[in-house]
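Here the structure is laid out as structure tokens; the discussion comes afterwards.
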Protein chains: 2
Amino acid sequence: MSRTIKVLLAEDQAMVREALAALLGLEEDIEVVAQVARGDEVLDAARAHGVDVALLDIEMPGATGIEAAALLHRELPAVKLVVLTTFGRPGYLRSAMESGADAFLVKDAPAAQLADAVRRVLAGERVIDPTLAAAALADGANPLTDREREILRAAADGSTNAELATALHLSQGTVRNYLSTAIQKLAVRNRAEAVQVARNKGWL
Amino acid sequence: MSRTIKVLLAEDQAMVREALAALLGLEEDIEVVAQVARGDEVLDAARAHGVDVALLDIEMPGATGIEAAALLHRELPAVKLVVLTTFGRPGYLRSAMESGADAFLVKDAPAAQLADAVRRVLAGERVIDPTLAAAALADGANPLTDREREILRAAADGSTNAELATALHLSQGTVRNYLSTAIQKLAVRNRAEAVQVARNKGWL
DNA sequence: GGTGCCGCATGACATCTGTCATCCGGCACC
DNA sequence: GGTGCCGGATGACAGATGTCATGCGGCACC
């Protein structure tokens, strides 16, 4: 019989993290050997405990689960990566896969899929919700340039053009031009809607 | 020795819900007898299983955990109510307590507090994070009128004044007036910021 | 019965936002 | 060496947004 699977759990909400650990603890062949609450603590913990699989939530302080995945993939390529998220945003799936993730799960899915995904990625499989995969492909890639994304992100909190201009060291007109092209690319009618759809698609 | 505490668990994300159930299942004296994923299924489930404590997430389809709490409090006053949420928004705490909640927990808190809160509400105690309670008191009550809140909520997705006017059967000028007063009450400079702070405080 | 708040409305005004045409330098690709 | 995209900028214009004064009817509270 093979030894247990060593799992690292990265999730910022303590209650959810410990609950997921309890859930995985019920499995005979799985052991949660490390828990972290921040994205920037993932690499050290993975190194220290020699984990087989890392379970990464996307929304975390320090670094997102996707950033952590990219780092792990580069530094510890043997570690299998399961990305876990509240939001089934196509853009998230896309960037998770591009960062080297082996599985992508949404928290809406039944709990049984979690242990299942851990075992399957270790067996070399990839685990992705087919519906979400289809949506990601249908949406295509992020049409926004880096700068457009940056400015849209900055505009998301309701800042005015003047504030954005000073914050980003641009002229007010330039800010408006970028927002205008972003609005057109996203086929919406104002910046607020642009922020909305970009968020929903995971493009922000 | 007393019998086990019967708990109802209401949370829309299956993985989180089942994980929390696993966590509570580790406790000798607690038994999760019902799980629901929607706010509007809470009452029936509570009735059917004769639960002692209801654990209610706020963000749920069908009805929010706060609405569910109010309903349970009216229909089954013997059931103790624990409200659970991702967001420690002062306004949430306030309306949860006004709806008859006995405990208010954020998912950031350590998992041990969950079982602890269940036992304490059953003993007649109230369980609230003191920091959050202070914030709720410092913020004061929601300064927005019903109508202002309604219009701000409708404007949150980036709808234009014209759209809001037709949707709410108002004149465009009236829409602008309401938004203007909301903006002033919240001490911000445009509708986007107003939406932001209203959301953060739990006033939306 | 007066006072005050709410919902709703209008009109006028100033400012902010979004669009468009046009320009420049840099860089990649054929 | 031409073509095209990106980052950055200007100026002009139309339309959307925010402010303010003012008015009305309804309702609650003293």
Side-chain angles (χ1 to χ4, degrees), chain A residues 91 94-95 98 139-204, chain B residues 91 94-95 98 139-204:
Chain A
R94 181 179 290 263
S95 30
E98 284 170 0
D139 275 357
N142 188 340
L144 304 175
T145 68
D146 285 354
R147 212 68 175 120
E148 285 159 3
R149 237 184 36 246
E150 200 180 338
I151 286 157
L152 194 55
R153 214 182 305 129
D157 66 351
S159 299
T160 126
N161 284 333
E163 289 168 337
L164 294 173
T166 43
L168 298 163
H169 307 293
L170 291 174
S171 89
Q172 261 193 66
T174 305
V175 169
R176 283 194 290 165
N177 286 341
Y178 280 128
L179 285 174
S180 182
T181 60
I183 287 167
Q184 284 176 276
K185 283 181 178 177
L186 299 176
V188 293
R189 284 190 324 299
N190 55 51
R191 64 183 67 193
E193 281 188 350
V195 168
Q196 278 242 133
V197 322
R199 261 213 194 111
N200 277 334
K201 304 244 182 188
W203 288 343
L204 251 192
Chain B
R94 182 178 289 264
S95 28
E98 284 170 0
D139 275 358
N142 188 340
L144 304 175
T145 67
D146 285 352
R147 211 70 175 120
E148 284 160 3
R149 237 182 39 245
E150 198 180 341
I151 286 156
L152 194 55
R153 213 183 304 131
D157 65 353
S159 299
T160 127
N161 284 333
E163 290 167 336
L164 294 174
T166 42
L168 297 163
H169 307 292
L170 290 175
S171 89
Q172 260 193 66
T174 305
V175 169
R176 285 195 290 166
N177 285 341
Y178 280 129
L179 285 173
S180 182
T181 60
I183 287 166
Q184 283 177 276
K185 284 181 178 176
L186 299 176
V188 293
R189 282 189 325 299
N190 55 50
R191 64 183 68 191
E193 282 188 349
V195 168
Q196 277 244 131
V197 322
R199 260 210 195 111
N200 276 335
K201 304 243 183 188
W203 288 343
L204 252 190

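By convention in this document, chain letters (A, B, ...) are assigned in the order of the sequence lines, proteins followed by strands, and residues within each chain are numbered from 1.
- Base engagement by A:N177 is indicated by at least one non-hydrogen atom pair under 4.0 Å involving a base atom.
- At D:dC20, none of the side-chain N or O atoms of B:S180 fall inside 4.0 Å of OP1 or OP2 (strictly under the cut-off).
- Residues B:N142 and B:E148 fail the side-chain proximity criterion, which asks for heavy atoms closer than 4.5 Å.
- Between B:D146 and B:R149 there is a side-chain heavy-atom pair separated by less than 4.5 Å.
- Shortest non-hydrogen contact noted between B:A192 and A:G158 is CB-CA, 3.6 Å.
- Of the residues in residues 149-174 of chain B, those lying under 4.0 Å from DNA chain C by heavy-atom distance are B:L170, B:S171, B:G173, B:T174.
- Between A:L186 atom CG and C:dT19 atom C1' the separation is 16 Å, expressed in whole Å.
- Atoms CG and CG, on B:N190 and B:L179 in that order, are 10.5 Å from each other to the nearest 0.5 Å.
- Here the P atom of nucleotide C:dC6 and the CD atom of B:E148 are 7 Å apart, to the nearest Å.
- Exactly one residue among A:L164, A:L186, A:I183 makes a side-chain contact (heavy atoms from CB on, under 4.5 Å) with A:L152. That residue is A:L186.
- Of the two residues contacting DNA chain C, namely A:R191 and B:V175, the nearest-nucleotide position lying further toward the 5' end is that of B:V175.
- In this structure, A:Y178 atom OH and D:dC5 atom C1' are separated by 11 Å, rounded to whole Å.
- Atom CD in B:Q184 sits about 10 Å away from atom P in D:dA21, given to the nearest Å.
- Considering only the side chain of A:R147, D:dG7 comes nearest among D:dG7, C:dC8, D:dG18.
- Side chains of B:N161 and B:R191 form a contact here, defined as non-hydrogen atoms less than 4.5 Å apart.
- Taking atom CD1 of residue B:I183 and atom P of nucleotide C:dC16, one finds them 13 Å apart after rounding to whole Å.
- In this entry the distance linking CG of A:L179 with P of D:dA9 reads 14 Å, nearest Å.
- In a base pair of the Watson-Crick type (N1 to N3 plus N6-O4 or O6-N4) or a G-U wobble (N1-O2 and O6-N3), with each distance short of 3.5 Å, C:dG1 is matched with D:dC30.
- B:E193 places a side-chain N or O within 3.5 Å of a backbone atom of B:R189 that can act as its donor or acceptor partner.
- Residue A:N190 contributes atom CG, which lies 13 Å from atom C1' of C:dC16 at whole-angstrom precision.
- In this entry the distance linking CZ of B:R189 with P of D:dG18 reads 12 Å, nearest Å.
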